J.: 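The structure under discussion is supplied below as structure tokens; questions concerning it will follow.
Just so we're clear, the structure is a prediction, and the values are computed from it rather than from any experiment. Atom set for the values below is all heavy atoms of this structure, side chains included, hydrogens, waters and symmetry mates excluded.
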Amino acid sequence: MALLSLVSIPVGMAFMMAVMKNYGKQYEGSVKVTQAMNSTIVEYINGIEVIKAFNQGKNSYVRFSDRVLANAAYFYNWMKSCQLPVSVSKTVAPTTMITILPAGWIMYQTGTLEMDTFLTTIILSLGIAGPLLAAMDFVDSLAKVGTTVDQIDSILNGKEQHHGITPVHMDSAEIRVEHVSFGYHRDKEILHDVSLTIPEGTMTAFVGPSGSGKSTIAKLIAGFWDVEQGRILLGGHDLKDIPLRQLYEQTAFVSQDNYLFDETVRENIRMGRPGATDREVEAVAKTAGCDEFIRRLENGYDTVVGGGGAHLSGGERQRIAIARAMLKNAPVVILDEATAYIDPENEAVIQRAVARLVKGKTVIVIAHRLSTITDADQIFVIEDGRIAAKGTHRELLEGSKLYQEMWQAHIGAKDGDAA
């Protein structure tokens, strides 16, 4: 009777196994389609001002709605494919009475099974399928765990930066890039055999079309990634021989999209040098030209800026980032279009602040507005991950066609026609 009570269980489970066969892949697909939808929602909300300004509401909303509908369609089709086998499984598996009742009655009639045992068997058989079906509900949790573990595993198994652990003596802030080739993904190389030298105490500019590799070179110099082909030296030492903590102390990186933490203005500036006093923080803010607007905030220096600095304008975030870099006082300063979000009224103030920041430092400037780097000691023109030309502003105007075209585009069509 015990064996007969189990007959319907494997039959029902067979239908469930058909569903479970690809459940892991289907769940992984649901995570991906949901992530794509969430990214589109965030992008749509963050870009709502641009969408309105350029009257792109219809096109942007179509992309937004397509992602939402794609997400809904995926889950609908997934559940639809599972509906029949799951229903059959949960219908068949609990039907233990189909075998228990006729077989038990025959045994009772023939005298091989007593009535009390027959009734006990019926009662016990009713409780067999429930726990098994409940256990099947954990399959969803197991699929979630598997997908989540794979995502975490991909992060934990990511390639680490291997640097020396013993601090080195830095004799200078000269930078040398020697035959560096690099790509964020193995199948796509961005930089191709790049070599250059940046003398200590000089200002070097990287210019070139978008996507040419300017920022990548700067980030490699800052130690954000390690190079596998070629090498980069700072003060005569391979970056890999310099402990990361020491390397990061040598550079101050100011980009056009600096991130502010959901902390007070004071603490965001103090991150440049955690041991700085309140007086030093306020002094550097004055030097950076942001003390005045900070004091106009609701709580002055103790105003919380919000996640990513959301409570401040782009220009205000940039000025605080410059103040933070000034407080750090690193010997190498990297400016990635540091005045991109500055309004014309405050640009002169910021330019003076930047001039103070880079005084006596080894400076790397990534510039789109070429008028800001005409006084650079040397300019590297980057094109398709290679150094297309090198020289001063005047030398490049005479010898680099790409730089000439960029300069003419910068100063305007009228000046270009006149030239």
Side-chain angles (χ1 to χ4, degrees), residues 1-42 44 62-158:
M1 290 294 288
L3 292 174
L4 287 173
S5 68
L6 299 176
V7 170
S8 64
I9 302 297
V11 176
M13 292 301 103
F15 288 94
M16 186 62 77
M17 290 299 295
V19 175
M20 295 299 107
K21 183 178 181 181
N22 296 317
Y23 193 89
K25 292 182 179 180
Q26 290 171 322
Y27 181 80
E28 183 180 357
S30 72
V31 171
K32 291 180 178 178
V33 75
T34 301
Q35 288 176 339
M37 180 188 70
N38 292 339
S39 297
T40 302
I41 292 173
V42 172
Y44 181 78
V62 167
R63 184 168 178 269
F64 165 81
S65 61
D66 285 348
R67 290 288 190 182
V68 174
L69 292 174
N71 183 73
Y74 184 92
F75 281 93
Y76 173 80
N77 293 328
W78 182 19
M79 295 301 105
K80 186 177 180 181
S81 68
C82 298
Q83 185 176 13
L84 179 61
V86 170
S87 298
V88 172
S89 173
K90 292 193 174 184
T91 300
V92 173
T95 58
T96 55
M97 295 296 101
I98 290 179
T99 53
I100 288 292
L101 289 177
W105 181 254
I106 293 172
M107 291 179 185
Y108 172 72
Q109 290 291 329
T110 59
T112 58
L113 182 66
E114 297 181 359
M115 179 55 70
D116 57 347
T117 304
F118 184 24
L119 294 175
T120 302
T121 304
I122 292 173
I123 295 171
L124 292 177
S125 68
L126 294 174
I128 294 176
L132 291 175
L133 292 175
M136 293 301 295
D137 292 336
F138 285 101
V139 172
D140 185 60
S141 299
L142 292 174
K144 291 180 181 178
V145 170
T147 301
T148 303
V149 168
D150 287 342
Q151 292 177 336
I152 296 173
D153 188 60
S154 66
I155 296 174
L156 295 179
N157 288 329

J.: Measuring from atom OG1 of Thr96 to atom CG of Leu101, what distance do you get when rounded to the nearest 0.5 angstrom?
T.: 8.0 Å
J.: Any side-chain hydrogen bond (donor to acceptor under 3.5 Å, both in side chains) involving residues 98-111? Give me the pairs, sequence neighbours left out, ordered by first then second residue.
T.: Thr110-Thr112
J.: Work out which heavy atom in Ile100 is nearest to a heavy atom in Ser5; give both atom names and the distance.
T.: CD1-CB, 3.6 Å
J.: To the nearest 0.5 Å, tell me how far Thr40 OG1 sits from Asp66 CG.
T.: 9.5 Å
J.: Has Ser89 got a side-chain atom pairing as donor or acceptor with Val86's backbone, closer than 3.5 angstrom?
T.: no
J.: Do any side-chain atoms of residues 116-128 form donor-acceptor pairs under 3.5 angstrom with protein atoms, and if so which ones, sequence neighbours left out?
T.:
{"residue": "Thr120", "atom": "OG1", "partner": "Asp116", "partner atom": "O", "Å": "2.8"}
{"residue": "Thr121", "atom": "OG1", "partner": "Thr117", "partner atom": "O", "Å": "2.7"}
{"residue": "Ser125", "atom": "OG", "partner": "Thr121", "partner atom": "O", "Å": "3.3"}
{"residue": "Ser125", "atom": "OG", "partner": "Ile122", "partner atom": "O", "Å": "2.7"}

J.: Can you name the closest pair of heavy atoms from Ala93 and Ile9 and give their distance?
T.: O-CD1, 3.3 Å
J.: Of all heavy-atom pairs between Met107 and Met1, which one has the smallest distance, and what is that distance?
T.: SD-SD, 3.9 Å
J.: Take atom CD of Gln83 as the centre, draw a 6.0 Å sphere, and report whether it contains more than 12 heavy atoms from other residues, nucleotides or ligands.
T.: no
J.: Heavy-atom count around Phe75 CZ within 6.0 Å, excluding the residue itself: above 12?
T.: yes
J.: Indicate yes or no for a side-chain donor-acceptor contact from Asp153 to the backbone of Val149 under 3.5 Å, with no hydrogens or angles considered.
T.: no
J.: How far apart are the closest heavy atoms of Leu4 and Ala103, and which atoms are they?
T.: CD1-CB, 3.4 Å
J.: Could you report the tightest heavy-atom contact between Trp78 and Tyr27, atom names first, then the distance?
T.: CH2-CA, 3.8 Å
J.: In this structure, which one of Val88, Thr91, Leu84 forms a side chain to side chain contact (heavy atoms under 4.5 Å, CB included) with Phe15?
T.: Val88
J.: Quick one: list whatever passes side-chain contact (heavy atoms from CB on, under 4.5 Å) with Ile152, sequence neighbours left out.
T.: Thr148, Leu156
J.: Would you say that Thr34 contacts Tyr74 through its side chain, given a criterion of any heavy-atom pair below 4.5 Å between the two side chains?
T.: no
